[in-house]
Visitor: 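First the structure, then my questions, so here it is.
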Amino acid sequence: MKNQINKLRAFFLNIIPGAGHYYIGKRILGIVYFLISFGGLFMSFLIALASHDGEFAILGWIGFLLVWCLNMLHLLIVLLKSPNHTAAVISDEGMQPVIPVRNNDNERFHVILLSFIPGLGHFHMGLMQRGLSFLISFFGYMTVMLFLTGVTSSSAFLLLFGVLPVIWLYSMFDAVQHIHSKLAGEELVDRTLFEDLEAGREDGRRSKVLATLLSAFPGAGQMYLGLQKRGLQLMLLFLGSIYVMDLLRLSVLFFLIPVIWFYSLFDGLQLVSRYGREELQDKPVVEGFMNHQGWLGAGLLALGLYYILANVAVPALDIRFPEWRLQYRFSTYLKTVIVSILLIGGGVKLLIGSKNTTAKKETGAK
């Protein structure tokens, strides 16, 4: 059993190049991997500093990555080729030849190792449908995001790649749960993720684990818990902010993106903790949304006018009157004007709101 536990420990130690090889007894090989990887990286940085050329540093990182991959692949081959535990079978005729016995820790190691690619660990346990759903979800989502990024030529969609680690972690967690159940003697049921969702709906309850994972994407966790209005507003606020800021090149306001993300995440976690203990109310993030239709209409109208101005009017006038340099002036100064108007408008709105609140409190006190 100790030998098999060492496999997992050696694998995770080998994140530092050579440490896993050193741990399993191949000390010279471990030292060689360590010196080549970190020594090459250190030398590339020295050369980059001496020559004032950053390309040497980039080449150093590329070399480090290649050595790291070779180091991990070598260790995996060594661990997978290592023999399993063996045992002797005793019968009435005496001691029989030693035959291999399936080891639980070795099975667990193989599942965890294969699960680094979503779905492969489930395939190893015979859960073909469940493994296929994880594999398609991970690589399908990646393909769609790359397609949208390429078609729209917008880097904003790259932010949505943050969902991939969530799918990867959930796949790993699910594989570990299933292998523990299998080693405990329980019968495994091969059903897809979507069948799990349908089963939860039939029981009238939602999975808290899945709701927590979905909360990593703004609004998704809330919508899964049945709070459609709240979830939809958070999702529109997050994606709409990314689109508008990328369209207008308002990089100065990009700090709002992580603020919205963290608000949605912790809101989802709070709702998950309250789910099952009390009734959740589908309370919108923006109260009295219908009362803000005027502001929303004005914003959409302004966005439409900006789009026509930036892509139709200014290019046409710039060709007609090149001496005016409209394209240059538009792209250089308009961003500052828009940000200034937004900041001034927001400040005036806050001042008016604070004055109204103070006046109401004074009236109520009298």
Visitor: Is the shortest side-chain heavy-atom distance between Gln129 and Arg191 below 4.5 Å?
Guide: no
Visitor: Look at the side-chain heavy atoms of Ile, Leu, Val, Met, Phe, Trp and Tyr, link any pair under 4.5 Å apart, and say whether Leu265 and Met223 land in one connected group.
Guide: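 As far as the 4.5 Å side-chain criterion goes, Met223 and Leu265 are connected within one cluster.
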Visitor: Do Met172 and Ile117 sit in one hydrophobic cluster, given that two such residues count as connected whenever their side-chain heavy atoms are within less than 4.5 Å of each other, even indirectly?
Guide: yes
Visitor: Can you tell me if CG on Leu237 sees more than 12 non-hydrogen neighbours from other groups inside 6.0 Å?
Guide: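 Buried by this count: over 12 neighbours within 6.0 Å.
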Visitor: Please find the pair of heavy atoms, one from Trp68 and one from Ile15, that lie closest to each other, and give the distance.
Guide: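 Residues Trp68 and Ile15, closest heavy atoms: NE1-O, 2.8 Å.
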Visitor: For a 4.5 angstrom cut-off between non-hydrogen side-chain atoms, does Val176 reach Ser115?
Guide: no
Visitor: Taking atom CG of Leu188 and atom CD1 of Ile179, what is their separation to the nearest 0.5 Å?
Guide: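 Between atom CG of Leu188 and atom CD1 of Ile179 there are 7.5 Å.
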Visitor: Counting only heavy atoms not in Glu278, do more than 12 sit closer than 6.0 Å to its CD atom?
Guide: yes
Visitor: Do Leu66 and Trp61 have side chains that approach each other closer than 4.5 Å (heavy atoms only, starting at C-beta)?
Guide: no
Visitor: Which pair of heavy atoms, one from Asn14 and one from Gly20, lies closest together, and at what distance?
Guide: OD1-N, 3.0 Å
Visitor: Under a single-linkage definition using a 4.5 Å side-chain heavy-atom cutoff for Ile, Leu, Val, Met, Phe, Trp and Tyr, are Leu70 and Leu35 assigned to the same hydrophobic cluster?
Guide: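 No: no chain of side-chain contacts under 4.5 Å links Leu70 to Leu35.
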Visitor: When rounded to the nearest 0.5 angstrom, what is the spacing between CZ in Arg230 and OG in Ser264?
Guide: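 Output value for this atom pair is 9.0 Å.
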Visitor: Taking all heavy atoms of Leu269 and all of Ser215, pick out the closest pair and write down the distance.
Guide: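 Scanning both residues, the minimum pair turns out to be N-OG, 4.4 Å.
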Visitor: Report, as yes or no, whether the 6.0 Å neighbourhood of atom CZ on Arg277 holds more than 12 heavy atoms from other residues, nucleotides or ligands.
Guide: yes
Visitor: Side-chain contact test, heavy atoms from C-beta onward, threshold under 4.5 Å: evaluate it for Leu236 versus Leu232 and give yes or no.
Guide: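 With C-beta onward as the side chain, the pair touches.
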Visitor: Do Arg27 and His21 have side-chain heavy atoms sitting under 4.5 Å apart?
Guide: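 No, their side chains stay 4.5 Å or more apart.
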Visitor: For the atom pair CG (Leu135) and CE (Met128), what is the distance rounded to the nearest 0.5 Å?
Guide: 10.0 Å
Visitor: Measuring only between side-chain heavy atoms, which start at C-beta, is Leu13 closer than 4.5 Å to Tyr22?
Guide: no
Visitor: In this structure, would Leu317 and Val312 fall into the same cluster of hydrophobic residues linked by side-chain contacts under 4.5 Å?
Guide: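 Cluster IDs for Leu317 and Val312 differ.
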Visitor: Using the six-membered ring wherever Trp is involved, compare the ring planes of His122 and His178 and label them parallel, tilted or perpendicular (cut-offs 30° and 60°).
Guide: perpendicular
Visitor: Does Ser133 use its side chain to pair, donor to acceptor, with the backbone of Arg130 at less than 3.5 Å?
Guide: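 It does hold such a pair.
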Visitor: Backbone N or O of Ile47 within a donor-acceptor pair of the Ser51 side chain at under 3.5 Å?
Guide: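 At least one qualifying donor-acceptor pair exists.
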Visitor: Side-chain atoms of residues 36-46: list all donor-acceptor pairs with protein atoms under 3.5 Å, sequence neighbours left out, distances to 0.1 Å.
Guide:
unit_1 : atom_1 : unit_2 : atom_2 : d
Ser37  : OG     : Tyr33  : O      : 2.9
Ser37  : OG     : Phe34  : O      : 3.0
Ser44  : OG     : Gly40  : O      : 3.4
Ser44  : OG     : Leu41  : O      : 2.6

Visitor: Compare all side-chain heavy atoms of Leu114 with those of Phe123 and state whether any distance is below 4.5 angstrom.
Guide: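 No, too far: nothing below the 4.5 Å cut-off.
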Visitor: Would you compute the distance between atom CG of Leu234 and atom NZ of Lys229 and round it to the nearest 0.5 angstrom?
Guide: 14.5 Å
Visitor: Verify side chain to side chain contact (heavy atoms under 4.5 Å, CB included) between Met125 and Asp190, making sure each step is shown before the conclusion.
Guide: CA-CA 10 Å; Met125 292 182 286; Asp190 185 14; over 6 Å; no
Visitor: Any side-chain heavy atom of Leu280 sitting closer than 4.5 Å to one from Leu271?
Guide: yes
Visitor: Between Phe116 and Trp168, is a ring pair (Phe, Tyr, Trp, His ring centres under 6.0 Å) present by the stated rule, with each step listed?
Guide: CA-CA 8 Å; Phe116 275 84; Trp168 183 83; 5.7 Å; yes
Visitor: Quick check for you: to the nearest 0.5 Å, what is the distance between His124 atom NE2 and Lys182 atom NZ?
Guide: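 Interatomic distance, His124 NE2 to Lys182 NZ, rounded to 0.5 Å: 6.5 Å.
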Visitor: Same cluster or not: Val189 versus Leu183, using hydrophobic residues (I, L, V, M, F, W, Y) connected whenever any side-chain heavy atoms lie under 4.5 Å apart?
Guide: no
Visitor: Within a radius of less than 6.0 Å around CD of Glu323, do more than 12 heavy atoms belonging to other residues, nucleotides or ligands occur?
Guide: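 More than 12 within 6.0 Å, yes.
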Visitor: Just checking Phe217 against Trp261, ring centres under 6.0 Å apart?
Guide: no
Visitor: Other hydrophobic cluster members with Leu65, side-chain heavy atoms of Ile/Leu/Val/Met/Phe/Trp/Tyr under 4.5 Å, chained?
Guide: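 Members besides Leu65: none; it forms no cluster.
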Visitor: Where do Pro118 and Ser171 come nearest, in terms of heavy atoms and distance?
Guide: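 Shortest heavy-atom separation between Pro118 and Ser171 comes out as CA-OG, 3.5 Å.
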Visitor: Please test Phe266 against Gln270 for side chain to side chain contact (heavy atoms under 4.5 Å, CB included), starting from the C-alpha separation and ending with a verdict.
Guide: CA-CA 6 Å; Phe266 287 109; Gln270 286 183 345; 5.5 Å; no
Visitor: Report the distance from atom CG of Leu75 to atom CG of Leu29, rounding to the nearest 0.5 Å.
Guide: 9.5 Å
